[in-house]
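Step one of this worksheet: look at the structure below.
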Amino acid sequence: MSLSLISVPSFSQKVMLEGTVQNASDKSALPGAMVTIQKANEQKVTNGVMTDGYGEFKFEQLAAGQYALKISYLGFKPVSKTLDLENSAIDLGSIVLQEETNDLAEVKVVGQVSAGEQKGDTTQFNASAFKTAADATAQELIQKLPGVTMEDGKIQAQGEDVQQILIDGKPYFGTDVATALQNLPADVIASVQVFDKKSDKAEMSGFNDNEQLKTINIVTKPNRRKGQFGKATAGYGTDQRYLTGASVNIFNEDRRVTITGLSNNINTMNFSADQSSQEENKPRNGIINTNSLGLNYSDMWTKKIEVSGSYFYTKRRNFSVQSKFQDFVSPADSGRFYNESSQRIEQENLHRANLRIEYKINDNNRILIRPNLTVQQTDDFSSFTGRTENENSALNQTENTSNSDNNSLNISNMLLYSHRFRKLGRSFTFRLNTGYSTNDNENFRLADIAYFREPDRSNTLNQFTRFDRKGYFWETEFSFTEPIGKNGRVELEHERGNRVDDSDRRLFDYDELAGNYSFLNEGLSNTFKSQYLTEETDLSYQYQTEKVRIEFSGEYQRASLDNDQVFPDAFELNRTFSNVLPSARFEYRFSKSRNIEIDYRTWTNAPSINQLQNVLDVSNPLYVRTGNPNLVQSVQNRIRGRYRSQNPEKSRTFFGMVEASIVPDYIGTSTITARSPLALTEVDTLETGSQLSLPVNLDGYWTIRAFFNYGQPVDFIKSKISFNGFANHTRLPSLIDSLTNNTFTTNFRLGASLSSNVSESLDFQVSTRSGYNIVRRSLRNTQDNFFNQSSRLRLNWIFWKGFVYRTDLIHQVNTGLSAGFNTNYMIWNMSIGKKVFANQRGEISLNVFDLLKQNISIRRNVTDIFVEDVQSNVLQQYFMLTFTYNLRHFSGGASEKDFDK
């Protein structure tokens, strides 16, 4: 698996060049080494790749002639070779690199360390150019890189969410980016590579299918690939708050094992030693106890078989208290609002496992297997009181308690086989996706409902629900690629798949005489089976030169939706859909660091089993929900333009994006408010003031949004400053009391951040983000405006004799919310600590969370029928004494003194 940097196909040419890069001292592979090649009479690079997990590289589309080959790897002396290529395949065999050695007496500082360089589609940063504390995590380092930001708790690179972390080209904790970055220390990192990783199929076939993941590949220091390193923390505080956790990495060249463990009651979801920080992995809502154990493994079983996988077990308890206020938008509901207060205790046991096995049979044949398993068991106890009122008086009220037990199982697997023919550019790929899932739920519910204007209709519901659901899916795909002309390639692809869902929901009312739940309520029960069979044929053409890439694709899709309902009423629905789904893509490279992309895509969205199932959900009798078996698939049309300008040498970066979507037959919501009692079944009634909602297909949905991010260094304080902005405008159609309502939502956001690069002893980040939101509805011709701003200061300072001061200050401003919700607050967390032991690997610290006692959680939700403000309980102030130890032991007994050699 080579990570392509520059791909310039010339499919009519026959020359292939390959080889393996190794460490001269022990002949171990060097994954992530830069291999570039250029024609002898040209100054620019013709092509470039990074070596894969085996240290191998391959160029398949070179013209005959003389070339200069260069191989470089951080910490090693570069190697250059002159080659005379003819029309044949050339295997260079093993190319060894010698480690660099420096005589410290002769070292002279002549300038700043280069921040990075651009190699085709890959941006590589030198980790030593960015200052972090000795015990910093990979996440703290990566957030300092140009073009990398933290948005809504997710790492973004070049304006897109990072979806995968690799270490030396190998998967690390699957797609769990947060866990991967928080369990790897920054001081083992040599360089960081940011690129768009192609899909497994595209990497095997060589035909770009535009299914890409924004990926960060972390290249570790060569002398840090054999040893044990990690971190452990234990702490206890006021109000019986506690934390204990550890992360240990055991690396032995290709074999890499990471073990993580965590137990705490301070809302920390993943292990992190810095408890003075309000990190994104610490949810604001509720009081959460977490016990977890994780394992990540990767190894080369043989030279041809690479294996990686991870397993997590989590036991979690969340106690949450909420209050919410809803203001309705329908003209008939003007002046009506809903208040609710609730408590919930949720206990979860979760097992997650994934595995990746890649078998490289030979140079032309590969097999990839990727199974996934999730097992979840949840106990949920909740109670709430909801009350609907208008300006004059109360309409109705419900007091509701429920206790449920839920068990679910999800198994899936992908099998991928790829064959490359002797003719360059010709390939065959077969893919098989399968999956199976079950869900078993039992729920007891007791509800007292009062209708103040019709007291005689007030009643009590005592019910038991058993819900069994199972389903499976399969999908096969065959594809064939063929070169067309000098720079073109065509792919013919055929897919066939089926998704089957079988759901059985039985609701039983309590029988007072029998003393048990024996009375089947057929009106609120449902047995439903759905099948969604699709068949697709796709023809694609790609044309690519060094500067231009053009692609056209046309897909014919035929889908059939079969719904079969047994009761409460026998019902069958059979529908067939035929669609032609075009797509196009254009990319132009102004230079190796500037490019523009424009792409247009169409795809279909099938309704889910929850949306199709015609069964009444009366868990809140004031808000009844049901499905709609008459739903049809929707077709999404999206056009997007992206512009990137990256100068890693000067640490300047700009990214801009504009995107628009139109969705005919959008699956929206129809809501009906009962003005008088409305019969739902023979025994169930929607009482006055209560609401019934169901999904319906509606036309008129569209959205347009734009985003930009710009960053550059600030030399006078050795920091990185970045600016970002976001704008979005959406038209959301819905039905309210059978009348069409369009909700127009406009959001503006502007942010800035300053991140230090001063020294290993001083690390700070200052950021602020402001958002202004406008919501307008056509039905009532009303408009709601609200503003929020969040500012943050983080500071880590190591000073006199190993003392450490950390502070994390968050200030939140909210205006325009409902009465009682316009609360501004400041959360101040800090700690003071002392490094201990001769090598300062240990630290004792005193931490305080929410020093000012102002921690709250408020959010606004906007829907087509109401505007809702929600306030939740949060973790209150506590003090904690912690001890942290950093494990560092590498082959040869490396110490921290020679850690950066």
Side-chain angles (χ1 to χ4, degrees), residues 319-328 333 336-346 379-406 441-467 505-525 615-626 671-693 865-866 868 870-873:
F319 172 67
S320 61
V321 179
Q322 280 191 350
S323 60
K324 63 177 63 174
F325 177 86
Q326 297 175 350
D327 186 12
F328 296 92
D333 293 326
R336 188 166 70 92
F337 55 89
Y338 173 78
N339 278 300
E340 181 182 292
S341 59
S342 63
Q343 290 189 12
R344 183 178 183 183
I345 299 175
E346 184 179 21
D379 291 322
D380 192 344
F381 175 80
S382 63
S383 63
F384 71 88
T385 299
R387 186 182 180 96
T388 307
E389 303 180 44
N390 60 21
E391 295 175 342
N392 300 317
S393 62
L395 299 177
N396 51 45
Q397 177 176 296
T398 180
E399 295 182 359
N400 196 312
T401 61
S402 68
N403 190 7
S404 65
D405 177 45
N406 185 75
N441 179 275
E442 292 185 347
N443 175 268
F444 294 90
R445 186 172 62 88
L446 179 64
D448 291 319
I449 308 111
Y451 301 99
F452 298 110
R453 297 186 179 181
E454 300 173 289
D456 57 320
R457 304 185 72 90
S458 300
N459 64 336
T460 297
L461 300 178
N462 189 358
Q463 299 172 329
F464 167 71
T465 304
R466 185 177 66 243
F467 187 18
R505 183 180 188 271
R506 308 290 176 101
L507 187 145
F508 299 87
D509 289 313
Y510 186 76
D511 190 329
E512 296 286 349
L513 296 178
N516 56 28
Y517 297 93
S518 58
F519 182 75
L520 177 64
N521 188 326
E522 294 189 4
L524 300 180
S525 300
V615 58
L616 295 169
D617 180 357
V618 293
S619 54
N620 184 347
L622 307 184
Y623 292 92
V624 180
R625 300 187 301 273
T626 186
T671 303
I672 298 174
T673 301
R675 309 302 170 188
S676 60
L678 178 65
L680 298 175
T681 69
E682 293 182 358
V683 295
D684 295 283
T685 302
L686 187 69
E687 301 294 346
T688 303
S690 300
Q691 290 186 334
L692 172 69
S693 64
I865 61 173
F866 59 75
E868 175 185 74
V870 182
Q871 182 166 344
S872 305
N873 67 321

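Please read all numbers here as calculations on a predicted model, not as lab measurements.
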Using every non-hydrogen atom in the two residues, find where [X] and [Y] come nearest and quote the distance to one decimal.
{"X": "Leu622", "Y": "Gly386", "answer": "CD1-O, 3.9 Å"}
{"X": "Ser458", "Y": "Ala450", "answer": "OG-CA, 3.4 Å"}
{"X": "Leu395", "Y": "Arg336", "answer": "CD1-CD, 3.5 Å"}
{"X": "Asn339", "Y": "Glu389", "answer": "ND2-OE2, 4.5 Å"}
{"X": "Leu524", "Y": "Val615", "answer": "O-CG2, 3.5 Å"}
{"X": "Phe384", "Y": "Ser342", "answer": "CB-CB, 3.5 Å"}

What is the distance from atom [atom1] of [X] to atom [atom2] of [Y], rounded to the nearest 0.5 Å?
{"X": "Phe319", "Y": "Arg344", "atom1": "CZ", "atom2": "CZ", "result": "12.5 Å"}
{"X": "Phe452", "Y": "Arg457", "atom1": "CZ", "atom2": "CZ", "result": "16.0 Å"}
{"X": "Leu507", "Y": "Glu522", "atom1": "CG", "atom2": "CD", "result": "11.5 Å"}
{"X": "Ile672", "Y": "Leu678", "atom1": "CD1", "atom2": "CG", "result": "7.0 Å"}
{"X": "Asp379", "Y": "Ser404", "atom1": "CG", "atom2": "OG", "result": "7.5 Å"}
{"X": "Asn441", "Y": "Arg466", "atom1": "CG", "atom2": "CZ", "result": "11.5 Å"}

Tell me if a side-chain donor or acceptor on [X] pairs with a main-chain N or O of [Y] at a distance below 3.5 Å.
{"X": "Asn400", "Y": "Ser619", "value": "yes"}
{"X": "Arg445", "Y": "Val618", "value": "yes"}
{"X": "Asp617", "Y": "Arg625", "value": "no"}

Considering only heavy atoms from C-beta outward, does the side chain of [X] approach that of [Y] to under 4.5 Å?
{"X": "Phe328", "Y": "Thr673", "answer": "no"}
{"X": "Glu454", "Y": "Thr688", "answer": "yes"}
{"X": "Pro677", "Y": "Glu687", "answer": "yes"}
{"X": "Asn396", "Y": "Ser690", "answer": "yes"}
{"X": "Gln326", "Y": "Ile865", "answer": "no"}

Quiz item: Should Ser320 and Glu346 be marked as a side-chain contact (heavy atoms from CB on, under 4.5 Å) after you check the CA-CA gap, both sets of side-chain angles, and the distance that decides it?
Solution: CA-CA 9 Å; Ser320 61; Glu346 184 179 21; over 6 Å; no
Practice problem: Decide side-chain contact (heavy atoms from CB on, under 4.5 Å) for Asn406 and Asp380; before the verdict, give the C-alpha distance in whole Å, the side-chain angles of both, and the deciding distance to 0.1 Å. | Solution: CA-CA 8 Å; Asn406 185 75; Asp380 192 344; over 6 Å; no
Name the atoms and distances for all side-chain donor-acceptor pairs under 3.5 Å in residues 508-520, with sequence neighbours left out.
| unit_1 | atom_1 | unit_2 | atom_2 | d |
| --- | --- | --- | --- | --- |
| Asp509 | OD1 | Gln463 | NE2 | 3.1 |
| Asp509 | OD2 | Asn521 | ND2 | 3.1 |
| Tyr510 | OH | Gly515 | O | 3.4 |
| Asp511 | OD1 | Leu513 | N | 3.0 |
| Asp511 | OD1 | Ala514 | N | 3.3 |
| Asn516 | OD1 | Ser518 | OG | 2.9 |
| Tyr517 | OH | Asn462 | OD1 | 2.7 |

Quiz item: So with a 6.0 Å cut-off around CZ of Arg387, is the heavy-atom count from everything else above 12?
Solution: yes
Quiz item: Run the side-chain hydrogen bond (donor to acceptor under 3.5 Å, both in side chains) check on Thr385 and Ser341 step by step: do they pass?
Solution: CA-CA 6 Å; Thr385 299; Ser341 59; 4.8 Å; no
Quiz prompt | Sub-6.0 Å ring centroid separation between Tyr623 and Tyr338 | solution = yes
